[in-house]
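Predicted, not measured: the structure shown is a model, and the values here were computed from it.
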Amino acid sequence: MKRYLILIAYEPWDWGSATEETRAAFFAQHSAFSAFVTTHGREVASAALDDTDTATTVRHVDDEVVVSDGPFAETVEMIGGYYEVELPDLDTAIQAVSLLPPSYSLEIRPIVTIT
């Protein structure tokens, strides 16, 4: 089994104004993803992230630590959540993420074991 981090990015929108139908579709797609992963491997961890306006960025600048509000990079999309999974291979991970909502941009990153 190989470990992957799946980053979920999307354009910011107001979940609170989503219709019940839209919410149900999102939950169903995430459930289908989780069921697929359970059948083919295992879900190690997952979480939704708060909005980017709550982020704190820490950088080293000229031997000083500089702390600022907001995300590190300004982008149209924001990282809104992640899954860490163990699956047999990249092809299986691609099959899994294809079950998530189509409005997402999904990045699959292999997790490297450092020894």
Practice prompt. Indicate the ring-plane relationship of Trp15 and Phe27, choosing parallel, tilted or perpendicular according to the 30° and 60° boundaries.
Written response: perpendicular
Worksheet entry | CD1-CD1 distance between Ile79 and Ile8, expressed to the nearest 0.5 angstrom | 9.0 Å
Discussion item. Please give me the minimum heavy-atom distance between Ser68 and Arg59, naming the atom from each residue.
Written reply: OG-NH1, 3.8 Å
Worksheet entry | Side-chain touch Ile111/Tyr4, heavy atoms, less than 4.5 angstrom | no
Discussion item. Can you see whether Ser31 engages Ser34 through a side-chain donor-acceptor pair at a distance of less than 3.5 angstrom?
Written reply: no
Worksheet entry | With sequence neighbours excluded, residues passing side chain to side chain donor-acceptor pair (under 3.5 Å) with Ser17 | none
Worksheet item: Quick one: are Tyr82 and Leu5 in side-chain contact, heavy atoms under 4.5 Å?
Response: yes
Worksheet item: Quick check: are there more than 12 heavy atoms from other residues, nucleotides or ligands sitting under 6.0 Å from CZ of Arg109?
Response: no
Practice prompt. State, yes or no, whether a side-chain contact exists between Glu11 and Ser103 at a heavy-atom distance under 4.5 Å.
Written response: no
Worksheet item: Checking salt bridge (Lys or Arg N to Asp or Glu O under 4.0 Å) for the pair Glu84/Arg3: CA distance, chi angles, key distance, verdict?
Response: CA-CA 7 Å; Glu84 182 182 339; Arg3 286 177 52 203; 2.3 Å; yes
Practice prompt. Find out whether Arg42 and Val85 are in side-chain contact, i.e. whether some heavy atom of one side chain is under 4.5 Å from a heavy atom of the other.
Written response: no
Item to complete: Kindly compute the distance separating NZ (Lys2) from CG (Leu90), expressed to the nearest 0.5 Å.
Response: 9.0 Å
Discussion item. For Thr92 and Asp89, which I'm curious about, is there any donor-acceptor pair between the side chains at under 3.5 Å?
Written reply: yes
Worksheet item: Taking all atoms of both residues into account, what is the closest heavy-atom pair of Tyr83 and Ser46, and its distance?
Response: CD2-CB, 3.3 Å
Discussion item. In this structure, would Leu87 and Ile94 fall into the same cluster of hydrophobic residues linked by side-chain contacts under 4.5 Å?
Written reply: yes
Item to complete: Decide ring pair (Phe, Tyr, Trp, His ring centres under 6.0 Å) for Tyr104 and Phe33; before the verdict, give the C-alpha distance in whole Å, the side-chain angles of both, and the deciding distance to 0.1 Å.
Response: CA-CA 13 Å; Tyr104 291 166; Phe33 168 85; over 10 Å; no
Discussion item. With side-chain contact (heavy atoms from CB on, under 4.5 Å) as the criterion, how do Val58 and Val66 come out once you've worked through the C-alpha distance, each side chain's angles and the decisive distance to 0.1 Å?
Written reply: CA-CA 6 Å; Val58 178; Val66 178; over 6 Å; no
Worksheet item: Any idea which heavy atoms bring Gln29 and Pro101 closest together, and the distance?
Response: OE1-CG, 3.3 Å
Worksheet item: In the single-linkage hydrophobic clustering (I, L, V, M, F, W, Y; side-chain heavy atoms under 4.5 Å), do Leu7 and Leu100 co-cluster?
Response: no
Practice prompt. Taking all heavy atoms of Asp51 and all of Met78, pick out the closest pair and write down the distance.
Written response: OD1-CE, 3.5 Å
